Asker: 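Structure incoming, see below.
Quantities reported herein were computed from a predicted structural model and do not represent experimental measurements. Throughout, protein chains are lettered first and strands after them, A, B, ... in sequence-line order, and every chain is numbered starting at 1.
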Amino acid sequence: MRDVAVVSFAQSEHARALPGVNEVEMLMPVIGQVRDQIGLDKSRVGFTCSGSTDYLAGQAFSFVMTLDGIGAWPPISESHVEMDAAWALYEAWVKLQMGEIDVAMVYGYSKTSPGDLPDVLTRQLDPYCYAPLWPDSVSLAALQAQALLDTGSTSEREWAEIASRSRASAKNNPNAQLKGDFDPDVILADEYLVAPLRKHDCPPITDGAAAIILAADDTARELSKRPAWIRGLEHRIDAQSLGVRDLVNVKSLQLAGSAAGVSTGKIDFAELHAPFTYQEVLAKRALGLGADVQINPSGGALAANPMMAAGLVRIGEAADRIMAGEGDRAVATATQGACMQQNLVCVLEGE
Amino acid sequence: MANTNSSDGEVLSAPLTIEYPFRRSTGPILGAFFTGLREGVVVGVKRSDGSVLVPPSEYDPDTAEALDDLVEVGQAGKVTTWAWVVKPREKHPLDRPFAWALIQLDGADTAMLHIVDAGSKDRMKTGMRVALQWADERVGHINDIKCFVPEG
């Protein structure tokens with residue numbers, strides 16, 4: 001295996017709506033920053049891979065527009081996943097392992113503001129037994145949350161504390177969208193949105209973009225003083241139907257975490273893609289993270305959740321802290337699909 | 001980096017209807033399930049260990065083994081988890097508060113997604129029994145099941 005590292009990360013200022021810019025205009029400053037801050041000429045990028053979805057852009061092959069923006073002439077080697085860009089990073093990592101290139105760029109983006117996101121997300125579901133009922137994303141999460149409550153091992157109070165801590169941490173994150181001091185007792189008094197979830201249990205709806213540069217071996221050492229080496233990278237998926245899954249033990253995340261070697265050393269901090277508060281509880285258990293592990297110093301997806309980029313942002317935030325020397329070993333996760341159906345785990349280390 | 005957060009220019013907009021304008025075959029297993037709904041029965045599929053999946057699928061979600069042993073199951077069952085919708089969205093099946101639920105029908109080993117028209121959140125409880133209510137007109141579609149209601 002080649003040593004592959006994150007050497008640069010950039011993201012947009014995430015916002016509820018960016019009505020004045022299209023996807024290309026939203027993304028281009030991020031692409032410029034991720035290359036310029038390490039002085040990387042775009043001719044050195046051997047492979048480009050993106051994550052986005054036509055269902056949010058509202059047109060077929062929408063990713064081609066951003067590819068044109070980045071510059072696809074003279075011809076470049078590129079690919080796209082209709083997934084969170086954390087999976088685009090996985091594809092780029094595989095490409096680097098093949099040994100033909102030394103530098104790859106990964107990006108993800110979405111503008112969710114033009115549509116009604118909870119309704120749009122129903123279109124990703126089983127088209128026969130689920131989608132015709134229009135079960136929105138908050139309702140499906142609430143089913144999983146209730147199943148977790150029924151185990152008696154967590155509480156709505158714990159979820160309010162997760163929301164409060166996340167949005168307080170986000171005060172140090174200039175790119176976060178939803179930040180500030182929220183008293184758990186006060187927000188617990190709010191009405192249910194879809195019981196047992198309240199508004200604070202849900203992620204904000206976000207327009208945003210993110211990009212990462214990966215590099216291998218000595219190229220990584222040349223581009224970064226302290227690269228964030230990827231020591232484990234795995235993803236797994238659970239069955240589609242909620243009724244056949246164990247909703248309170250996220251098997252795909254357990255398997256990915258185990259295969260990525262999360263428990264083979266001390267974890268200093270974790271960036272968990274847990275868009276709903278209760279999902280942080282599930283993710284910590286699935287990865288076996290103890291009380292000593294700092295969770296989501298960036299504020300996590302509860303502070304900004306740009307669809308198709310929020311998982312990549314977790315890897316980027318963790319890598320930035322490793323590169324800055326604020327920790328030696330971190331885990332980042334990405335999740336997608338209803339009720340955490342599919343999960344990716346990335347273990348990062350500094351030298 | 002540049003602040004992309006605002007623009008003084010007028011933003012053009014146009015309506016866009018999300019649709020999937022194709023007809024699809026439901027195949028031998030889901031097809032049998034929907035035909036059953038039209039006829040007023042619920043069918044599942046048996047796995048090699050004897051457990052029954054409802055709704056049925058053409059393959060075992062754990063082993064990927066092909067499945068084709070269709071069996072009829074009951075029209076009442078228990079709620080394995082639920083979520084109470086305080087304010088229904090425009091496209092939701094009911095325009096008054098209701099529960100989403102995963103419901104394990106009698107004779108089935110897995111739960112199906114549907115709604116419980118319970119009237120009040122106070123009537124909902126994990127493990128409660130619910131009974132299927134058929135729609136007046138049935139065409140071979142998941143909405144042939146109008147809803148479930150608390151039993152008794």
Asker: Salt-bridge test for A:D116 and B:R89: reply yes if a basic N is under 4.0 Å from a carboxylate O, no otherwise.
Answerer: yes
Asker: Give a yes or no on whether the backbone of A:L143 and the side-chain of B:T81 come within a donor-acceptor separation of less than 3.5 Å.
Answerer: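 Checked: pair present.
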Asker: Rounded at 0.5 Å granularity, tell me how far CG in B:L102 sits from CG in A:L247.
Answerer: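 Separation between the atoms: 6.5 Å.
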Asker: Sort out for me which of A:A10, A:P196, A:P127, A:P135 touches chain B most, counting heavy-atom pairs under 4.5 Å.
Answerer: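 Of the options given, most contacts go to A:P135.
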Asker: Counting heavy atoms not belonging to A:Q59, are there more than 12 under 6.0 Å from its CD?
Answerer: yes
Asker: Side chain, backbone, both or neither: which part of A:A239 has a non-hydrogen atom closer than 4.5 Å to chain B?
Answerer: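 Only the side chain of A:A239 comes within 4.5 Å of chain B.
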Asker: Measuring from atom CH2 of B:W82 to atom OG of A:S139, what distance do you get when rounded to the nearest 0.5 angstrom?
Answerer: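 Here the interatomic distance stands at 12.5 Å.
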Asker: Between B:A101 and chain A, with a heavy-atom cut-off of 4.5 Å, which part of the residue counts as in contact: side chain, backbone, both or neither?
Answerer: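 The backbone, not the side chain.
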Asker: Could you grab the distance from atom CD of A:Q146 to atom OG1 of B:T80, nearest 0.5 Å is fine?
Answerer: 10.5 Å
Asker: A side-chain contact here means heavy atoms from C-beta on lying under 4.5 Å apart; do B:N143 and A:L133 qualify?
Answerer: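 Yes; the side chains approach each other to less than 4.5 Å.
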Asker: Do you know which two heavy atoms are closest between A:C129 and B:F33, and how far apart they sit?
Answerer: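 Reported closest heavy-atom pair: SG-CE2, 4.1 Å.
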Asker: Which atoms of B:I115 come close to chain A, meaning under 4.5 Å heavy atom to heavy atom: side chain ones, backbone ones, both, or neither?
Answerer: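 When you check distances to chain A, no heavy atom of B:I115 falls under 4.5 Å.
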Asker: Counting only heavy atoms closer than 4.5 Å, note whether B:H114 contacts chain A via side chain, backbone, both or neither.
Answerer: both
Asker: For the interface with chain B, which of A:A141, A:P118, A:A145 has the highest count of heavy-atom pairs at distances below 4.5 Å?
Answerer: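 Counting heavy-atom pairs under 4.5 Å, the top option is A:P118.
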Asker: Testing the basics here: between A:G243 and B:T110, what is the closest heavy-atom pair and its distance to 0.1 Å?
Answerer: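 Taking every non-hydrogen atom into account, O-CB, 3.5 Å.
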Asker: Should A:D136 and B:W100 be marked as a side chain to side chain contact (heavy atoms under 4.5 Å, CB included) after you check the CA-CA gap, both sets of side-chain angles, and the distance that decides it?
Answerer: CA-CA 10 Å; A:D136 62 280; B:W100 294 103; 4.3 Å; yes
Asker: Out of curiosity, B:L30 CG to A:D126 CG, how far, rounded to the nearest 0.5 Å?
Answerer: 7.0 Å
Asker: Of the non-hydrogen atoms in A:Y128 and B:S25, which two are nearest, and what is the gap between them?
Answerer: OH-O, 4.0 Å
Asker: Can you tell me how far apart CG (A:D150) and NZ (B:K125) are? Round to the nearest 0.5 Å.
Answerer: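 Between A:D150 CG and B:K125 NZ, I get 8.5 Å after rounding to 0.5 Å.
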Asker: When only pairs under 4.5 Å are counted, which of B:A83, B:P61, B:A108, B:P93 shares the most heavy-atom pairs with chain A?
Answerer: B:A83
Asker: Just verifying a value: how many Å separate A:Y192 OH and B:K87 NZ, rounded to the nearest 0.5 Å?
Answerer: 15.5 Å
